[in-house]
**Student:** 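Sending over a structure as structure tokens; questions will come in a sec.
Order of the sequence lines sets the chain letters (A, B, ...), proteins ahead of strands, with each chain counted from 1.
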Amino acid sequence: MRIDANTDVCIGAGQCVLTDPTVFDQHDDGIVMLVTKHPEGEAAHRAREAVELCPSGALSLIEEPGDS
Amino acid sequence: MPETASITTTGTASTATTGAASGKVTDAEFPVARGCPFSTPAEYEQIREHSPIAKVRLTTGREAWWIAGHELGRTVLADRRFSSDRRRDNFPFVSTDPETRKQLQDQPTSMLGMDGAEHAQTRRALMGEFTVRRMAGLRPRIQQIVDQHIDEMLSSEQRSADLVEALSLPVPSLVICELLGVPYADHDFFQGLTGPLLRHTTPPEARGRIQEELNTYLGTLIDRKLTDPTDDLLGRQIAKQHAAGTFDRTSLVSMAFLLLIAGHETTANMISLGVVGLLQHPDQLAMIKNDPEKTPPAVEELLRYFTIADTVTARVATEDVQLGDTTINAGDGVVISGLAADHDPTVFTDPDRIDLERGARHHVAFGFGPHQCIGQTLARMELQIVFDTLFRRIPTLRLAAPLDDIPFKSDAFVYGAEKLPVAW
Ligand code: HEM
Ligand code: SF4
């Protein structure tokens, strides 16, 4: 699983950072920054939640070959 | 449609059937007042049962679409074919006072009323001030503010207070001071203006005068910070604009004013209602007293449960939009009811029950889509600190009046309590 962040639409609400700061961070201007594109285990689970919560549609999940 | 002004008398089989044919499921006028903090209007349920969207008559006499489902609500709030521009005809204002509506329509547009690229640009200029990291930096100071106010409560001989005056209003007010960079020496002056500005009972003329005085104050503050730069939200915004050659005093004043209005009464009302909600559920309150880790999810549940800004999320369709079986025409007003969405039983099991552990982060109490609350991280932190500190330091806190005697703001734009007598 890979996460994609579209920084053009991010509105800096910080919901993702609140959900898992080991996966998401914010630049000083508020825009999302991925700490990792490939979260695993619990972090992968929370990353999914963050994608659900993101209000701007900036985050998406891409399932990759080999994902179980 | 019969133009009867009857309220809450629908729900019989025959009305429901006739209603369905014309898309109208209730004759009630919207927004329908909440009976008490622990009830949501029955009409929301009626709309949801029928379809999550229905044409309703507003208290202003106009018609608008009312969305009562969580999924559809989020879809529409994220759909850029719906505009937030209050200057558009048919914007579904819910205030019945024509003077207030005119004020809302005429005031210079803030980011709240902007769309598309203009909104993105304005919001992006400010977004960096509200990052999770920056907000965490404010935590110690907010803790101090909360502690000072609780010290004052505890020093009172009569062991009772109006929590609204003692804590709910002054805490967010001082936090805004801190955030904007209002100097300490001006705090009393600032609070002396914002208190009455936000008090529900202040007459519109007086409110207008206070607003002017505040704008003058904010303008002077900005001038001072221009010549004598400070490292705070206003100081940094001024410096940034100054460096880029785009210094715009008027827009800075209106931005500061928006932050003040948007972040003050909302947070204050959530503090008061949250305390009521927690005190009414002592078992669950005990749980968070014993384990502060439980406070953040508890705050989410309280935000969901009370969804105080039910009708702030209003829009106008800019083109025809098909939502399931329903066609919204260009120019139609749409209210995405946050309270109804957050009590949608398909998303929140047993929605009318407070369950502090349910995991309610996907509520829309802060809205959804591009306008989702910019101050949400700050609001969450204020609420967490207040609830943790208040019940730790005053464990015997109780309501000093029966629930029925507490004046709740049933007719206000943002729901809350006007007064909250407590004792310990
Ligand atoms: C519990 C407290 C709060 C609640 C329930 C709340 C609720 C909301 C809601 C529902 C919206 C969306 C409006 C829309 O979609 O049209 C919003 C937007 C906004 N809020 Fe909050 N808010 C709270 C606290 C704050 C605080 C503390 C601040 C700032 C210090 C703030 C500043 C704003 C601003 C500037 C917007 C406009 C954002 C935009 O248009 O992009 N709010 N708020
Ligand atoms: S939740 Fe979405 S909009 Fe908010 S900061 Fe993260 S990516 Fe940006």
Side-chain angles (χ1 to χ4, degrees), chain A, chain B residues 70-71 73-80 111 114 116-117 119-137 233 236-237 240 296-297 299-300 303 313 336 338 347 359-381 384:
Chain A
M1 181 187 90
R2 177 164 65 89
I3 308 172
D4 242 15
N6 179 352
T7 51
D8 288 340
V9 301
C10 169
I11 54 147
Q15 293 259 31
C16 53
V17 188
L18 224 53
T19 311
D20 193 339
T22 71
V23 182
F24 306 96
D25 196 355
Q26 282 169 297
H27 291 280
D28 283 346
D29 59 7
I31 291 174
V32 62
M33 168 165 67
L34 294 175
V35 180
T36 168
K37 274 180 164 289
H38 300 277
E40 283 172 10
E42 269 298 295
H45 180 72
R46 283 193 297 270
R48 264 177 219 283
E49 194 189 335
V51 173
E52 257 302 295
L53 289 172
C54 171
S56 69
L59 301 177
S60 45
L61 281 182
I62 295 134
E63 304 295 344
E64 293 181 317
D67 283 349
S68 51
Chain B
H70 186 268
E71 192 187 341
R74 293 214 318 177
T75 303
V76 171
L77 285 173
D79 187 329
R80 288 159 191 270
M111 106 178 67
M114 291 177 183
H119 171 258
Q121 194 190 8
T122 311
R123 176 151 176 148
R124 285 193 160 208
L126 193 61
M127 237 158 69
E129 294 293 341
F130 290 91
T131 60
V132 172
R133 194 177 302 114
R134 209 185 263 292
M135 291 303 104
L233 188 154
R236 285 185 292 265
Q237 291 285 314
K240 213 157 64 171
V299 164
E300 299 306 319
L303 284 162
T313 38
I336 300 95
V347 180
R361 277 278 308 279
H362 49 305
H363 63 69
V364 294
F366 290 123
F368 195 71
H371 288 275
Q372 193 182 57
C373 184
I374 203 172
Q376 57 183 288
T377 307
L378 179 60
R380 288 189 162 102
M381 192 168 62
Q384 290 166 15

**Student:** Is the backbone N or O of A/H27 less than 3.5 Å from a side-chain atom of B/R133, with the two atoms forming a donor-acceptor pair by type?
**Tutor:**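 Answer holds: no.
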**Student:** Is it the side chain or the backbone of B/R134 that comes within 4.5 Å of chain A heavy atoms, both, or neither?
**Tutor:**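 Interface part for B/R134: neither.
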**Student:** What part of B/Q372 is in contact with chain A, defined as an atom under 4.5 angstrom from a non-hydrogen atom: side chain, backbone, both or neither?
**Tutor:**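 It is both, since atoms from each part get that close.
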**Student:** Heavy-atom distances under 4.5 Å only: say whether B/R361 touches chain A with side chain, backbone, both or neither.
**Tutor:**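 For B/R361, heavy atoms of backbone and side chain both lie under 4.5 Å from chain A.
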**Student:** Please give me the minimum heavy-atom distance between B/T131 and A/D28, naming the atom from each residue.
**Tutor:**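 Closest approach of B/T131 to A/D28, heavy atoms only: CG2-O, 4.2 Å.
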**Student:** Distance check, rounded to the nearest 0.5 Å: B/R380 atom CZ versus A/Q15 atom CD?
**Tutor:**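 It is 5.0 Å, given to the nearest 0.5 Å.
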**Student:** Flag the one option from B/Q376, B/H371, B/H362 with the top tally of heavy-atom pairs under 4.5 Å to chain A.
**Tutor:**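 Heavy-atom pairs under 4.5 Å are most numerous for B/Q376.
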**Student:** Would you check if A/D29 and B/R124 make a side-chain contact, meaning some heavy-atom pair closer than 4.5 Å?
**Tutor:**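 They are not in contact (no side-chain heavy atoms under 4.5 Å apart), so the answer is no.
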**Student:** Please report the interatomic distance CD(B/E300) to CG(A/L18), rounded to the nearest 0.5 Å.
**Tutor:**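 Nearest 0.5 Å value for the CD-CG distance: 7.5 Å.
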**Student:** Among A/P55, A/C10, A/G12, A/A58, who wins on heavy-atom pairs under 4.5 Å with chain B?
**Tutor:**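 Sorted descending by pairs with chain B, the first entry is A/P55.
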**Student:** Name the member of A/G14, A/S56, A/A13 that forms the most heavy-atom pairs with chain B at distances under 4.5 Å.
**Tutor:**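 Of the options given, most contacts go to A/A13.
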**Student:** Pull out the residues in residues 32-42 of chain A that come under 4.5 Å of chain B, heavy atom to heavy atom, sorted by number.
**Tutor:**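 If one takes a 4.5 Å heavy-atom cut-off, no residue of residues 32-42 of chain A lies near chain B.
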